[in-house]
Amino acid sequence: MLLLEKIFAVISIGNLILAAVLIFMERRNIAATWAWLMVLLFLPGVGFILYLVFGQRLTKKKLYRLNKGEFSHFRAAVDKQKHELEQGDFSVNDPAMERHRDMIYMNVVSDGAYYTQDNTLQVFYEGHGFFDGMFKQIEGAREHIHLLYYIIRNDELGKKLIDLLVKKAEQGVEVRLLYDAVGSAGIPSRFFRPLVEAGGEVVSFFPSSIPFLNFRVNFRNHRKLTIVDGKVGFIGGFNIGDEYLGKDKKLGYWRDTHLQLEGKAVYMLQARFFLDWNLSAPKRIHESFAYFPEMNDLEGKIGVQIVSSGPNSEKQQIKHAYLKMIYKARKKIYMQTPYFIPDDSMLTALKMAAMSGVDVRVMVPGRPDHLMVFWATHSYLGELLKSGVRCFLYEKGFMHAKTLVVDTQLSSVGTANVDIRSFKLNFETNAFLYDTKMAQELEELFITDLADCREITTDEYLNRPMRSRMQESLTRLLSPIL
């Protein structure tokens, strides 16, 4: 009994010390601080272990170290564009985008997101079309193929991709594959062996040096990118796995949104891949113009900014770009996200827009893949309903699209969910699109999806069962760390 008392005393002292560190030393967001204090209070000992694994903050040292001269031409181009925007010397293709020059400037300043407007885009909204399109581009690769995915499954689709990459590597094409160590946890090394033996390179992002314990598990590379020959790029919500073809019996049909880009916006996807690869791989990719081929006589007219954010930066660039779009709205805001756990700034922006007469509609899945996140999402939807936001549950299958469309002018497609994890903890990348036709296409997709949705009414929400209320309340308390 005496030994147990001593152990309990040590755990209690450890909890107090850790609580003091949380409050006085780390200067976290207040909501996240209270969430962790609750975990420590109600789960002594266990809470300490959870904090060591999930609560660690990424050191603010500069992760993405550039060698002298690397990307110097990009930095010079960004500086020049920033100066042109400041002096009013910058022109846009689409006259409707003139009122959004301030947003272009903000993304240039906050993230170095160079604005290109010579792009053509294709939208994919279901798995078969997307993977057919991506595999076709990979099949035609002549120089290099770069892939970065959060999840790669050891299943039929995953094997099909590896077989194709092996074939291209054997043809002499450079193949590099970067996957997240947490998102793709459990995938055996032998799965990638044929590609490595064929000359391809495979690297995991933030792997654990200790078996079964990863102290950087909270920092996930959630990006989904493919770049082929530096000329064609893909970005969006699809990972690599059979469920993205609708083969998961629980989730059923998979509704997602992904883009194929051609034009100089691909340069920015390529640069993003370089930075993540060189952070993870023992063998750096040395910058070469071969990876950034000249693109002459481009016929595209779509304006694009590739914006990235992650836990290595306090700027939350993607969240700020979302907020900028929402505050610029005058008529309508259409948002799709599989996980909706907004912070106060995002919640306030959406409520203010609705109370200002803007038609605000938020679409989330009607069936869960993560129960706690699903419950927390519903607690926030209830708050939106009070302000006049219309909320919809997608019921045809699982809705995984991450899109935002404002006033049939601005739109965004990418990897970031509208949750605290995507904005602060994950490494994410979104394409912000400045084109009325592209916004119209995404808006029409949203309207089409409404036919497969059920709208939540205020009366329905207020009369939900007590069990649902308790689930929502409890998970909302933990939402800053979900």
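As the structure is a computational prediction, the values presented were derived from the model and not from experiment.
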Participant: With a 3.5 Å distance limit and no angle check, can you tell me whether Asp407 reaches the backbone of Lys332 through a side-chain donor-acceptor pair?
Facilitator: yes

Participant: With no hydrogens and no angle check, is any side-chain donor or acceptor of Asp343 less than 3.5 Å from a backbone partner on Met346?
Facilitator: yes

Participant: Is a side-chain N or O of Ser422 found less than 3.5 angstrom from the main chain of Val418, in a donor-acceptor match?
Facilitator: no

Participant: Which heavy atom of Trp254 sits nearest to which heavy atom of Phe238, and what is that distance?
Facilitator: CD1-CE2, 3.8 Å

Participant: Answer yes if the side chains of Thr408 and Glu443 hold a donor-acceptor pair under 3.5 Å, and no otherwise.
Facilitator: yes

Participant: Distance alone, cut at 3.5 Å: any donor-acceptor contact between the side chains of Thr429 and Arg272?
Facilitator: no

Participant: Side chains of Val266 and Val232, heavy atoms from C-beta outward: is any pair under 4.5 Å?
Facilitator: no

Participant: Show the numbers, then the answer: is there a side-chain contact (heavy atoms from CB on, under 4.5 Å) between Ser204 and Asp180?
Facilitator: CA-CA 6 Å; Ser204 63; Asp180 185 77; over 6 Å; no

Participant: Determine the minimum heavy-atom distance between Asn463 and Asp459, stating which atoms define it.
Facilitator: ND2-O, 2.8 Å

Participant: Which atom pair, heavy atoms only, marks the closest approach of Ile333 to Ala353?
Facilitator: CD1-CB, 3.7 Å

Participant: CD1/Ile227 to CG/Leu148 distance, rounded to the nearest 0.5 angstrom?
Facilitator: 7.5 Å

Participant: Looking at Lys250 and Asp369, is there a salt bridge between them, counting it only when a charged N and a carboxylate O are closer than 4.0 Å?
Facilitator: no

Participant: If I take atom OG1 from residue Thr458 and atom OH from residue Tyr461, how far apart are they, to the nearest 0.5 angstrom?
Facilitator: 10.5 Å

Participant: Mind checking side-chain contact (heavy atoms from CB on, under 4.5 Å) for Glu299 and listing every partner two or more places apart, or none if nothing turns up?
Facilitator: none

Participant: Leu433 vs Ser412, test: side-chain contact (heavy atoms from CB on, under 4.5 Å). Steps then yes/no.
Facilitator: CA-CA 6 Å; Leu433 315 176; Ser412 175; over 6 Å; no

Participant: Can you confirm whether more than 12 heavy atoms, excluding those of Met295, are under 6.0 Å from its CE atom?
Facilitator: yes

Participant: Taking atom types as modelled and ignoring hydrogens, do the side chains of Lys402 and Asn417 form a donor-acceptor contact shorter than 3.5 angstrom?
Facilitator: yes

Participant: With a 3.5 Å cut-off and no angle check, do the side chains of Tyr179 and Asn221 form a donor-acceptor pair?
Facilitator: no

Participant: With a cut-off of under 6.0 Å to the ring centre and 45° to the axis, is Lys224 in cation-pi contact with Tyr149?
Facilitator: no

Participant: Is it true that the side chains of Asn239 and Tyr244 contain a donor and an acceptor less than 3.5 Å apart?
Facilitator: yes

Participant: Tell me whether Gln122 contacts the main-chain N or O of Leu261 through its side chain, where contact means a donor paired with an acceptor under 3.5 Å.
Facilitator: no

Participant: Check the pair Glu395, Arg367 against side-chain contact (heavy atoms from CB on, under 4.5 Å), reporting the backbone distance first and the verdict last.
Facilitator: CA-CA 7 Å; Glu395 297 188 323; Arg367 60 182 71 176; 5.7 Å; no

Participant: State, yes or no, whether a side-chain contact exists between Tyr322 and Phe432 at a heavy-atom distance under 4.5 Å.
Facilitator: yes

Participant: Give a yes or no on this: more than 12 heavy atoms of other residues, nucleotides or ligands lie within 6.0 Å of atom CE of Met470.
Facilitator: no

Participant: What's the shortest heavy-atom distance between Ser184 and Ile151, and which atoms?
Facilitator: OG-CA, 3.4 Å

Participant: With rounding to the nearest 0.5 angstrom, report the CZ to SG distance, Arg390 to Cys453.
Facilitator: 11.0 Å

Participant: Say you draw a straight line from CD1 of Ile302 to CG of Leu259; how long is it, rounded to the nearest 0.5 Å?
Facilitator: 9.0 Å

Participant: Between Phe274 and Tyr291, is the ring centre distance below 6.0 Å?
Facilitator: yes

Participant: Please report whether the ring centroid of Phe374 lies less than 6.0 Å from that of His370.
Facilitator: no

Participant: Specify the closest pair of heavy atoms between Gly414 and Asn430, including all atoms of both residues, with the distance to one decimal.
Facilitator: CA-OD1, 3.4 Å

Participant: Are any of the side-chain heavy atoms of Cys391 and Leu385 separated by less than 4.5 Å?
Facilitator: yes

Participant: Determine, stepwise, if the pair Phe205 / Tyr150 fulfils ring pair (Phe, Tyr, Trp, His ring centres under 6.0 Å).
Facilitator: CA-CA 9 Å; Phe205 187 90; Tyr150 175 59; over 10 Å; no

Participant: Does a salt bridge link Glu460 with Arg464, judged by any charged N lying under 4.0 Å from a carboxylate O?
Facilitator: no

Participant: For a 4.5 angstrom cut-off between non-hydrogen side-chain atoms, does Ile235 reach Val413?
Facilitator: no

Participant: Using the salt bridge (charged side-chain N to carboxylate O under 4.0 Å, His left out) criterion, which residues pair with Asp449? Sequence neighbours excluded.
Facilitator: Arg255

Participant: Who passes salt bridge (charged side-chain N to carboxylate O under 4.0 Å, His left out) against Asp359, sequence neighbours left out?
Facilitator: Arg361

Participant: Is there a side-chain contact between Phe219 and Phe427 (heavy atoms, below 4.5 Å)?
Facilitator: yes

Participant: Indicate whether the side chain of Gln316 and that of Glu314 have a donor and an acceptor atom separated by less than 3.5 Å.
Facilitator: no

Participant: Could you go through residues 95-104 and list every donor-acceptor pair under 3.5 Å that involves a side-chain atom there, pairing it with any protein atom two or more places apart or in another chain?
Facilitator:
{"from": "Glu98", "atom 1": "OE1", "to": "Arg101", "atom 2": "NH1", "distance (Å)": "3.4"}
{"from": "Arg99", "atom 1": "NH1", "to": "Gln409", "atom 2": "OE1", "distance (Å)": "3.1"}
{"from": "Arg99", "atom 1": "NH2", "to": "Lys328", "atom 2": "O", "distance (Å)": "2.8"}
{"from": "His100", "atom 1": "NE2", "to": "Gln409", "atom 2": "OE1", "distance (Å)": "2.7"}
{"from": "Arg101", "atom 1": "NH1", "to": "Phe90", "atom 2": "O", "distance (Å)": "2.4"}
{"from": "Arg101", "atom 1": "NH2", "to": "Phe90", "atom 2": "O", "distance (Å)": "2.9"}
{"from": "Asp102", "atom 1": "OD1", "to": "Lys328", "atom 2": "NZ", "distance (Å)": "2.9"}
{"from": "Asp102", "atom 1": "OD2", "to": "Lys324", "atom 2": "NZ", "distance (Å)": "3.2"}
{"from": "Asp102", "atom 1": "OD2", "to": "Lys328", "atom 2": "NZ", "distance (Å)": "3.3"}

Participant: Decide yes or no for Pro338 and Val364: does some side-chain heavy atom of the first lie under 4.5 Å from some side-chain heavy atom of the second?
Facilitator: no

Participant: Side-chain polar contacts of residues 123-138 - donor-acceptor pairs under 3.5 angstrom, sequence neighbours left out - could you list them?
Facilitator:
{"from": "Glu126", "atom 1": "OE1", "to": "His128", "atom 2": "N", "distance (Å)": "3.0"}
{"from": "Glu126", "atom 1": "OE2", "to": "Gly129", "atom 2": "N", "distance (Å)": "2.8"}

Participant: Below 4.0 angstrom, N of the basic side chain to O of the carboxylate: do Arg153 and Asp242 qualify?
Facilitator: no

Participant: Would you please say whether a donor-acceptor pair under 3.5 Å links the side chains of Glu428 and Thr415?
Facilitator: yes

Participant: With a 4.5 Å cut-off on side-chain heavy atoms, are Asp276 and Arg223 touching?
Facilitator: yes

Participant: Search all heavy atoms of Ser308 against all heavy atoms of Asp111 and return the closest pair with its distance.
Facilitator: N-OD2, 2.9 Å

Participant: Look up atom CZ in Arg421 and atom OH in Tyr339, then write down how far apart they are to the nearest 0.5 Å.
Facilitator: 11.5 Å

Participant: Return the set of residues passing side-chain hydrogen bond (donor to acceptor under 3.5 Å, both in side chains) with Tyr434 (not counting sequence neighbours), or none when no residue passes.
Facilitator: Asn107, Gln305

Participant: Given side chains that start at C-beta, do those of Pro293 and Lys231 come closer than 4.5 Å, heavy atoms only?
Facilitator: yes

Participant: Output the distance between atom NZ (Lys315) and atom OG (Ser309), rounded to the nearest 0.5 Å.
Facilitator: 12.0 Å

Participant: So does Asn296 have more than 12 non-hydrogen atoms from other groups sitting under 6.0 Å from CG?
Facilitator: yes

Participant: Just wondering, are more than 12 heavy atoms of other shown residues or ligands nearer than 6.0 Å to NZ in Lys319?
Facilitator: yes

Participant: Please step through side-chain contact (heavy atoms from CB on, under 4.5 Å) for the pair Phe392 and Leu450, ending with a clear verdict.
Facilitator: CA-CA 8 Å; Phe392 299 87; Leu450 288 177; 3.7 Å; yes

